[in-house]
Structure formats: C-alpha cells, structure tokens
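Position 1 is the first residue of the sequence, and the numbers go up from there.
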Amino acid sequence: MKMGIPSKISALVADQWTPQRLSDLFLDKLVNVKVTRTTLRNESHYPIEETALADLRKAILQFIEENMG
C-alpha cells in the first residue's frame, strides 16, 4: 500500500480489543510513508485515564511539529 501522508498510531498498553500486534500487521505493509507508533500508559481500549490522555496530547503535538514544521 503506497501513501504519502505521515501516519500516527497510538497503542494502549492494556487494550485487549485491538492489541498492538494487530496494528503492526497493517502498519508494516505501509511503504513510502513515515509511521510513528506511540504507547499510551495505563489504559485499555479508550484513553480516558489522565496518564493516557497526557501521553496522547504529547504524541499529537510532537507529530504535528515533526510533520507540519
């Protein structure tokens, strides 16, 4: 699969619905695109815990800075 848009995936440590290995199966097929993976602490499927939200905010801001300059 060829895409030119940078991609960001946030994985949740305790997520049993969509474990990281399933996301990796898809992400590993992306070529010619920068893929950034981030792990959010202390969270299951939906990031509502403060630590996970803080990690998500930080990852989004860093992603924007790196890709939109």
Side-chain angles (χ1 to χ4, degrees):
M1 188 179 301
K2 291 186 179 183
M3 302 172 74
I5 301 170
S7 299
K8 175 76 170 165
I9 180 116
S10 298
L12 305 166
V13 173
D15 188 352
Q16 295 179 10
W17 288 12
T18 51
Q20 181 66 42
R21 64 182 169 74
L22 294 180
S23 296
D24 289 341
L25 290 173
F26 172 77
L27 293 172
D28 290 343
K29 294 178 184 178
L30 296 178
V31 295
N32 298 327
V33 64
K34 178 182 174 185
V35 176
T36 307
R37 294 171 170 103
T38 300
T39 302
L40 307 180
R41 298 171 291 157
N42 302 326
E43 193 50 61
S44 56
H45 189 67
Y46 190 76
I48 59 173
E49 310 278 329
E50 187 54 41
T51 53
L53 288 174
D55 290 349
L56 184 59
R57 280 187 216 110
K58 181 179 176 183
I60 290 170
L61 292 173
Q62 183 177 10
F63 181 78
I64 291 169
E65 283 182 20
E66 290 174 359
N67 293 284
M68 304 191 102

*Consider only side-chain heavy atoms of I, L, V, M, F, W and Y, link residues closer than 4.5 Å, and tell whether Leu22 and Leu30 are in one cluster.*
no
*Looking only at heavy atoms, what is the nearest atom pair of Asp55 and Leu40, with distance?*
CB-CD2, 3.5 Å
_Tell me whether Ile60 shares a hydrophobic cluster with Met68, the cluster being built from Ile, Leu, Val, Met, Phe, Trp, Tyr side chains joined at under 4.5 Å._
yes
*Same cluster (ILVMFWY, side-chain, under 4.5 Å), Leu56 and Ile64*: yes
*Checking side chain to side chain contact (heavy atoms under 4.5 Å, CB included) for the pair Gln62/Thr36: CA distance, chi angles, key distance, verdict?*
CA-CA 10 Å; Gln62 183 177 10; Thr36 307; over 6 Å; no
